[in-house]
Amino acid sequence: MAEPAPSMDAAPDAARAATVEALPDPADAVDAARPRRSDATRAAILAAARDRFAADGYERATIRAIARDAAIDPSMVMRYYGNKAGLFAAASEIEVHAPDLSHFPRDEAGARLVRHFVERWECDETLTAMMRVGVTNEAGAERMRGVFADQIEPVLAAVCPVPEEAPTRAALISSQILGMALCRYVLHIPPAVGLSRDELIAWLAPTVQRYLTAEHP
């Protein structure tokens, strides 16, 4: 016995069901948007924290002031970072991505290192903000010292003639790179600001090269 043909009313119902199944779930859209909002909130908090730590120092900066600068509720800062110490640790996290100097000709090492840092200073506000923090309070200074000890010394040890001298050479190189960064990007001393990138590298590279590869004086 033949099955009865579907009624005319069944077809629209089936079409509507298929359409509903094909539509995106609004909850999925909310889940997709949530990480982006979270990332934007975290970025706003960290930017405000760097500015506030630089202006007030670690001790005087408050969660409430940082939240006000970021235009959010203080509870959101606590939610993401727990307390001021946790926020400072996150705000001062720096990865300098120093180049592996052993991959380049030895006599180019100084110029390569200087160019890397000049380009980083000019495209990464985090470094400038942390420089300001470093010159205003001990917590920031300790953070900067740690960055250069942990991330620069191993790079220098691969190319300097006496690897055991890497800490001393790193300190000398830091005096040039951080000193110029302070003058150019924080204090804005006109002659330092007025140098083009290539001019700045040409002035600094020979001194950094000497600190990298010269024999002990």
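Source: prediction; values computed, not measured.
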Inset, instruction - For residues D51 and D69, determine if any side-chain heavy atom of one lies less than 4.5 Å from a side-chain heavy atom of the other. - result: no
Inset, instruction - Consider only side-chain heavy atoms of I, L, V, M, F, W and Y, link residues closer than 4.5 Å, and tell whether V193 and V118 are in one cluster. - result: no
Inset, instruction - Determine, using the 4.5 Å side-chain heavy-atom cutoff (strictly less than), whether W203 and L187 are members of one ILVMFWY cluster. - result: yes
Legend entry - Non-hydrogen atoms of A70 and A44 that approach each other most closely: CB-O, 3.8 Å
Legend entry - Shortest non-hydrogen contact from A111 toward I201: O-CG2, 4.2 Å
Inset, instruction - Working to the nearest 0.5 Å, report the span between CD1 of I72 and CD1 of I45. - result: 3.5 Å
Inset, instruction - Could you tell me whether a side-chain N or O of R184 sits under 3.5 Å from a main-chain N or O of L195, the two making a donor and an acceptor? - result: yes
Legend entry - Pairwise side-chain contact, L156 with L113, heavy-atom cut-off 4.5 Å (strictly under): yes
Inset, instruction - Measure from the side-chain N and O atoms of H97 to the backbone N and O of R120, and report whether any donor-acceptor pair falls under 3.5 Å. - result: no
Inset, instruction - Answer yes if the side chains of S75 and D73 hold a donor-acceptor pair under 3.5 Å, and no otherwise. - result: yes
Inset, instruction - Could you pull out the closest heavy-atom pair between R169 and Y211, with the gap in Å? - result: NH1-O, 2.8 Å
Legend entry - R64 CZ: over 12 foreign heavy atoms closer than 6.0 Å: no
Legend entry - R115 with D198: basic N within carboxylate O range, under 4.0 Å: yes
Inset, instruction - Kindly indicate whether the side chain of V155, heavy atoms from C-beta on, has any atom under 4.5 Å from the side chain of Q151. - result: no
Inset, instruction - Answer yes or no: is there a side-chain heavy-atom contact under 4.5 Å between L101 and L212? - result: yes
Inset, instruction - State the CD-CD1 distance between E153 and I173, to the nearest 0.5 angstrom. - result: 10.5 Å
Inset, instruction - Give the minimum heavy-atom separation between A61 and R52, together with the two atoms involved. - result: CB-CG, 3.7 Å
Inset, instruction - Indicate the ring-plane relationship of F53 and F88, choosing parallel, tilted or perpendicular according to the 30° and 60° boundaries. - result: perpendicular
Legend entry - NZ on K84 to CD1 on I66, rounded to 0.5 Å: 7.5 Å
Inset, instruction - State, yes or no, whether a side-chain contact exists between L178 and M144 at a heavy-atom distance under 4.5 Å. - result: yes
Legend entry - E142 side chain near S92 side chain, heavy-atom distance below 4.5 Å: no
Legend entry - Within 6.0 angstrom of E215 CD, more than 12 heavy atoms from elsewhere: no
Inset, instruction - Could you tell me whether the side chain of I177 reaches within less than 4.5 Å of the side chain of L204, counting heavy atoms only? - result: no
Legend entry - Verdict with reasoning, L87 to Y80, per side chain to side chain contact (heavy atoms under 4.5 Å, CB included): CA-CA 8 Å; L87 176 58; Y80 287 124; over 6 Å; no
Legend entry - Contact summary for N83 and M78, nearest pair of heavy atoms: CA-CE, 4.2 Å
Legend entry - Enclosure of R145 CZ (heavy-atom neighbours >12, cutoff 6.0 Å): yes
Legend entry - Interatomic distance, M131 atom CE to R50 atom CZ [nearest 0.5 angstrom]: 15.0 Å
Inset, instruction - To the nearest 0.5 angstrom, please state how far the CG atom of L182 sits from the OG1 atom of T128. - result: 10.5 Å
Legend entry - R143 vs E93 side-chain heavy atoms within contact, under 4.5 Å: yes
Inset, instruction - Determine yes or no for a side-chain-to-main-chain donor-acceptor pair under 3.5 angstrom, with R106 supplying the side chain and V159 the backbone. - result: yes
Legend entry - Heavy-atom closest contact (R112 atom, P99 atom, distance): O-CG, 4.5 Å
Inset, instruction - For the residue pair W121 and Y185, categorise the inter-ring angle as parallel (less than 30°), tilted (30 to 60°) or perpendicular (more than 60°). - result: parallel
Inset, instruction - Calculate, to the nearest 0.5 Å, the distance between atoms CE and OG1 belonging to M180 and T207 respectively. - result: 10.0 Å
Inset, instruction - Using modelled atom types only, decide if a donor and an acceptor are shared between the side chain of E199 and the backbone of S196 within a distance under 3.5 Å. - result: yes
